[in-house]
Amino acid sequence: FQIWRLITNFLFFGPLGFSFFFNMIFLYRYCRMLEEGSFRGRTADFVFMFLFGGFLMTLFGLFASLFFLGQAFTIMLVYVWSRRNPYIRMNFFGLLNFQAPFLPWVLMGFSLLLGNSIIIDLLGIAVGHIYYFLEDVFPNQPGGKKLLLTPGFLKMVFDTPEEDPNYNPLPEDRPENQPRDQDQNQRQHPQ
């Protein structure tokens, strides 16, 4: 009944070292770019992507006996960002120039050079692709429809409610009835 492990397995990136800091930088950078880019103003959809990806990674991780999924989560975020920004030119340590959709594969190759298992990276790429396909590709196909619908309770918690165009504020709440600052009033009408 150690249910906190369903969340904490995404928070472990291995011992302190180059790989750990590399994952932290990529997690921060691409999570931020997704939030400020394609998820701007859609916080509930952003959280739902985390939950959907986390659920799939946990499910697939059980079959592959993977218990620490922090790196896979980072690669998933990188994959979704790279597919939504296909024309951005990337440079990897000044050695490789490539388009953004190749970034997850370059990171997987770099992970292989560091001696890490690429199974974790492949899991992140697979889950990122499933999310990208269901969210961005399939709904735009003939006969396709949006299959990933953000639950209403997430929208209620995270998204700001739209303003009602028929809302009529009380007279005391209307801007024309707000008391003015006395100093401002004196500056406008000197005696």
Side-chain angles (χ1 to χ4, degrees), residues 3-14 19-62 64 66-90 92 98-108 110-111 120-141 144-165:
I3 56 174
W4 63 85
R5 291 182 186 224
L6 293 172
I7 295 170
T8 58
N9 67 349
F10 296 104
L11 304 177
F12 181 73
F13 294 92
S19 182
F20 175 83
F21 291 113
F22 195 71
N23 274 305
M24 287 292 105
I25 290 168
F26 271 77
L27 179 67
Y28 170 75
R29 178 182 167 121
Y30 291 97
C31 189
R32 181 175 169 221
M33 287 197 299
L34 275 174
E35 184 178 20
E36 292 175 352
S38 59
F39 286 102
R40 179 178 286 286
R42 297 179 17 204
T43 306
D45 295 335
F46 192 51
V47 170
F48 183 65
M49 179 188 69
F50 280 23
L51 295 174
F52 178 78
F55 173 76
L56 282 182
M57 276 186 244
T58 302
L59 189 66
F60 295 154
L62 288 173
L66 298 173
F67 302 111
F68 300 111
L69 302 171
Q71 185 175 345
F73 188 77
T74 301
I75 295 292
M76 180 196 79
L77 294 176
V78 169
Y79 186 89
V80 172
W81 177 86
S82 68
R83 293 306 298 251
R84 288 185 172 179
N85 298 281
Y87 301 112
I88 293 181
R89 299 280 305 154
M90 306 292 296
F92 193 71
F98 52 91
Q99 299 289 107
F102 294 106
L103 181 60
W105 303 101
V106 170
L107 292 178
M108 186 178 73
F110 185 69
S111 183
I120 294 172
D121 293 339
L122 287 173
L123 175 63
I125 290 171
V127 170
H129 183 72
I130 291 169
Y131 177 82
Y132 172 74
F133 181 81
L134 292 176
E135 183 69 18
D136 296 351
V137 176
F138 186 69
N140 296 322
Q141 299 297 317
K145 64 179 184 175
K146 190 167 171 77
L147 297 176
L148 294 179
L149 300 173
T150 304
F153 76 91
L154 286 177
K155 289 187 180 214
M156 185 176 66
V157 170
F158 291 106
D159 288 346
T160 56
E162 295 180 16
E163 290 196 26
D164 183 8

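One-based numbering along the sequence shown.
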Problem - From R29 atom CZ to T74 atom OG1, the distance as rounded to the nearest 0.5 Å - result: 14.0 Å
Practice task
Measure the CG-OG distance between L103 and S82 for me, rounded to the nearest 0.5 Å.
Solution key: 6.0 Å
Problem - Inter-residue atom distance L69.CG - L56.CG, 0.5 Å rounding - result: 11.5 Å
Problem - Least distance between heavy atoms, Q71 atom then N23 atom - result: CG-OD1, 3.6 Å
Handout entry: For the student: nearest non-hydrogen atoms of F50 and C31, plus distance
Key = CZ-SG, 3.7 Å
Exercise for the section: Any chance you could lay out the salt bridge (charged side-chain N to carboxylate O under 4.0 Å, His left out) test for R84 and D136, step after step, and finish with the verdict? Expected result: CA-CA 9 Å; R84 288 185 172 179; D136 296 351; 2.7 Å; yes
Exercise for the section: Could you grab the distance from atom OH of Y79 to atom NE2 of H129, nearest 0.5 Å is fine? Expected result: 4.5 Å
Practice task
Determine, using ring centers only, whether F22 and F110 are less than 6.0 Å apart.
Solution key: yes
Practice task
Check whether any side-chain heavy atom of I88 sits under 4.5 Å from a side-chain heavy atom of W81, and report yes or no.
Solution key: yes
Practice task
Quick one: pull up NZ in K146 and CG in L134 and give me the separation to the nearest 0.5 Å.
Solution key: 9.5 Å
Exercise for the section: Tell me, yes or no, whether the heavy-atom count around F26 atom CZ, taken from other residues, nucleotides or ligands under 6.0 Å, exceeds 12. Expected result: yes
Practice task
Run through V127, I130, V47 and flag the one making a side chain to side chain contact (heavy atoms under 4.5 Å, CB included) with F52.
Solution key: I130
Fill in the blank from the handout: Of all heavy-atom pairs linking E135 and L148, the shortest is OE1-CB, 3.7 Å
Practice task
Using the six-membered ring wherever Trp is involved, compare the ring planes of F92 and F98 and label them parallel, tilted or perpendicular (cut-offs 30° and 60°).
Solution key: tilted
Exercise for the section: Could you go through the side chain to side chain contact (heavy atoms under 4.5 Å, CB included) check for M49 and L34 one step at a time? Expected result: CA-CA 11 Å; M49 179 188 69; L34 275 174; 4.0 Å; yes
Exercise for the section: Rounded to the nearest 0.5 Å, what's the gap from CD1 on I75 to CG on L122? Could you check? Expected result: 9.5 Å
Exercise for the section: Find out whether M90 and F102 are in side-chain contact, i.e. whether some heavy atom of one side chain is under 4.5 Å from a heavy atom of the other. Expected result: no
Practice task
Answer yes or no: is there a side-chain heavy-atom contact under 4.5 Å between Y30 and V80?
Solution key: no
Practice task
Examine distances only and state if a side-chain atom of D159 and a backbone atom of T43 form a donor-acceptor pair shorter than 3.5 Å.
Solution key: yes
Exercise for the section: Could you label the plane-to-plane angle of the Y131 and F39 rings as parallel, tilted or perpendicular, counting under 30° as parallel and over 60° as perpendicular? Expected result: tilted
Exercise for the section: State, to 0.1 Å, how close G53 and M76 come at their nearest heavy-atom pair, and which atoms those are. Expected result: CA-SD, 3.6 Å
Practice task
Report, as yes or no, whether the 6.0 Å neighbourhood of atom CZ on R89 holds more than 12 heavy atoms from other residues, nucleotides or ligands.
Solution key: yes
Fill in the blank from the handout: For L123 and M57, the nearest pair of non-hydrogen atoms, with its separation, is CD2-O, 4.0 Å
Problem - Whether F138 and F133 hold their rings parallel, tilted or perpendicular, with breakpoints at 30° and 60° - result: tilted
Fill in the blank from the handout: Closest non-hydrogen contact found for P101 with P86 is CD-O, 3.4 Å
Problem - Working for side chain to side chain contact (heavy atoms under 4.5 Å, CB included), residues V78 and L107 - result: CA-CA 9 Å; V78 169; L107 292 178; 3.9 Å; yes
